[in-house]
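What follows is a single structure, written as structure tokens, with notes after it.
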Protein chains: 2
Amino acid sequence: MSAADPSVKLSAPRKTKGALPAARPDQIMDIAARQFRARGYAAVSLRDIATEAGMRTPSLYYHFPSKDDLVIAVMNRGIAVVREAVTEALAALPPDAEPFAKLETAMRVHLRALHGLSDYTSANVRIFGQLPEELRRANLPERRAYQEIWADLLSATCPDNLEMLAIRVPFVIGALNATLEWFDPDRGDLDVLADQVGRVLLAGLKEREDR
Amino acid sequence: MSAADPSVKLSAPRKTKGALPAARPDQIMDIAARQFRARGYAAVSLRDIATEAGMRTPSLYYHFPSKDDLVIAVMNRGIAVVREAVTEALAALPPDAEPFAKLETAMRVHLRALHGLSDYTSANVRIFGQLPEELRRANLPERRAYQEIWADLLSATCPDNLEMLAIRVPFVIGALNATLEWFDPDRGDLDVLADQVGRVLLAGLKEREDR
DNA sequence: TCGCCTAACTAACGATAGATAGAATGTCAT
DNA sequence: ATGACATTCTATCTATCGTTAGTTAGGCGA
């Protein structure tokens, strides 16, 4: 394939100190995230990751104490990335932006994180349901922190109705995440997707009890 | 645990011919579906299935030629079950039912199939993304046939707009399926879920271009 | 120059997976 | 009673997994 001829030894430690061409652990995480995203959790072995990184499997253990630790690191970064992106985008809005304008922005950024911006976020969404329960639990704090952002945003759509909010938060995030399973940004326009999905969800959330 | 002490030999073939207490292959598929639903694809081994069925692993090979074949059978039944349920429910509606009444019915039945009615359907949704591509491909014909029902239903929400329809069909199905990952029918009321989800989606789909 | 740190290597282990071969068991029609 | 069939068994194989142990080689500070 493209990478990794193990007979060619990578010549020793890094010379560059200030240039930092992506630290090795980061590079390994990049590869892991891309493979998890493409092929799922169980289908990706440490051998696969090591091969693409140009090293032997046990060498990975110098950078990560176990496969679980590597996976947890990738998963947590996946949520951190999208949370920071959404937070920044919301902060860039005018302070008096309407609740539904904020919602639309958050949806667009979330979709962009899933489809192209971050292999980490898409890997997280893709493999979360495949992980043994222990690993899933390790990702829950990050997920809950991210959900709080959406709870803030969505509370404007159903004020004083916590039961409705408790359903709408995971429903909206889940509906957005589900696009990962069928939408291919290489074959369709991501902006069109965001327009269509945003329109349906925003209109649906805007609808008042009385119609 | 509850089932299967292999030292107690199950006494030979079935006597009952007309009574049919669920044919053995069906019983095995039931167990497989339940386990796949609960723990995902990779986490369920043939040993696990055999144990719960009260037999040794190789005995499974008398009924199914391989694990792949068993999985494919479970997956296909998962779609078949929900498709038949939706088809029947739609047929039971008055012939002059409005398009959005049909849509709401389909959504309710689909949610019910996911949460309780059928381990096959929930197993399908749960593990589809975990399967190697070859197995996923084997389930595509069933899935496409089921999607056609929804294409019919949803075409009323965006007449003469095939691009929009091509997005709305997988989006709606995906949004419904995603509830499997966060909604627990033991802790929440399924009817409440259907009310809330149905309201948002139906209102969103009803919204006209001009607002 | 010496010794430590970094970063990789080779070799191997134990566990578990799906799968196969062939023997054994019980039922039933003849 | 017997032979055919259906069903499950035991025993074993091969492949692959994550992981550990111990080793090697280069760069850098004292």
Side-chain angles (χ1 to χ4, degrees), chain A residues 3-28 31-32 35-36 39-72 74 130-132 134-135, chain B residues 3-28 31-32 35-36 39-72 74 130-132 134-135:
Chain A
D5 177 0
S7 65
V8 177
K9 308 243 167 102
L10 307 184
S11 54
R14 206 138 319 283
K15 261 184 226 233
T16 52
K17 234 181 238 166
L20 53 135
R24 212 76 223 266
D26 280 344
Q27 182 195 346
I28 292 169
I31 292 169
Q35 295 204 12
F36 284 141
R39 290 157 41 222
Y41 174 66
V44 174
S45 66
L46 291 184
R47 277 164 177 76
D48 297 328
I49 297 170
T51 298
E52 191 177 332
M55 55 171 65
R56 305 292 189 173
T57 313
S59 303
L60 290 175
Y61 283 82
Y62 177 78
H63 303 284
F64 295 93
S66 72
K67 186 187 185 185
D68 286 359
D69 287 82
L70 170 58
V71 172
I72 290 174
V74 169
Q130 310 180 17
L131 300 181
E134 180 206 352
L135 295 185
Chain B
D5 177 359
S7 64
V8 177
K9 308 243 168 106
L10 306 184
S11 54
R14 207 137 319 283
K15 260 186 228 255
T16 51
K17 233 182 243 168
L20 53 136
R24 212 74 224 264
D26 281 343
Q27 183 196 345
I28 292 169
I31 293 168
Q35 295 205 12
F36 284 141
R39 289 158 42 224
Y41 174 66
V44 174
S45 67
L46 291 184
R47 276 166 177 76
D48 296 328
I49 297 170
T51 298
E52 190 177 334
M55 55 171 63
R56 307 289 190 174
T57 312
S59 304
L60 290 175
Y61 284 81
Y62 177 78
H63 303 283
F64 295 92
S66 73
K67 187 188 185 185
D68 286 359
D69 287 83
L70 170 58
V71 172
I72 290 173
V74 169
Q130 310 182 17
L131 300 181
E134 178 205 353
L135 294 185

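Reminder, nothing fancy here: chain letters follow the sequence lines and each chain counts from 1.
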Checklist outcome for this item: In short, A:L60 meets A:A50 closest at the heavy-atom pair CD1-CB, 3.9 Å
Next on the checklist: Would you say A:H63 places a side-chain N or O within less than 4.0 Å of OP1 or OP2 belonging to C:dA8?
Outcome noted: yes
Next on the checklist: Which residue is it: B:I28, B:L70, B:D26? I am looking for the one with a side chain to side chain contact (heavy atoms under 4.5 Å, CB included) to B:H63.
Outcome noted: B:I28
Next on the checklist: Using whole Å, what does the distance between atom P of nucleotide C:dA19 and atom CD1 of B:I49 come to?
Outcome noted: 11 Å
Next on the checklist: Please give me the minimum heavy-atom distance between B:R47 and B:T57, naming the atom from each residue.
Outcome noted: CG-OG1, 3.2 Å
Checklist outcome for this item: Which of C:dA8, C:dA7, D:dT8 is nearest the side chain of A:S59? It is C:dA8
Checklist entry - For the pair made of CD in B:E134 and P in C:dG18, what is the distance, rounded to whole Å? => result 15 Å
Next on the checklist: Less than 4.0 angstrom between a side-chain N/O of B:R24 and OP1 or OP2 of D:dT7, yes or no?
Outcome noted: no
Checklist entry - Under 4.5 Å between any side-chain heavy atoms of A:D69 and A:S66, yes or no? => result yes
Item to check | Atom-pair distance (CE on A:M55; P on C:dT10), nearest Å | outcome: 13 Å
Next on the checklist: Quick check on C:dA7: is either OP1 or OP2 less than 4.0 Å from any side-chain nitrogen or oxygen of A:Y62?
Outcome noted: yes
Checklist outcome for this item: Each nucleotide of nucleotides 16-23 of chain D classed B (base within 4.0 Å of a protein heavy atom), S (only sugar-phosphate) or -, in 5' to 3' order, makes -BBBB---
Checklist entry - In whole Å, what is the span from the CZ atom of A:R56 to the C1' atom of C:dA11? => result 12 Å
Item to check | Closest non-hydrogen atom pair between A:E134 and A:D68, with its separation | outcome: OE1-OD2, 4.5 Å
Next on the checklist: Can a donor-acceptor pair be found, under 3.5 Å and without considering hydrogens, that links the side chain of A:Q130 to the backbone of A:Y41?
Outcome noted: yes
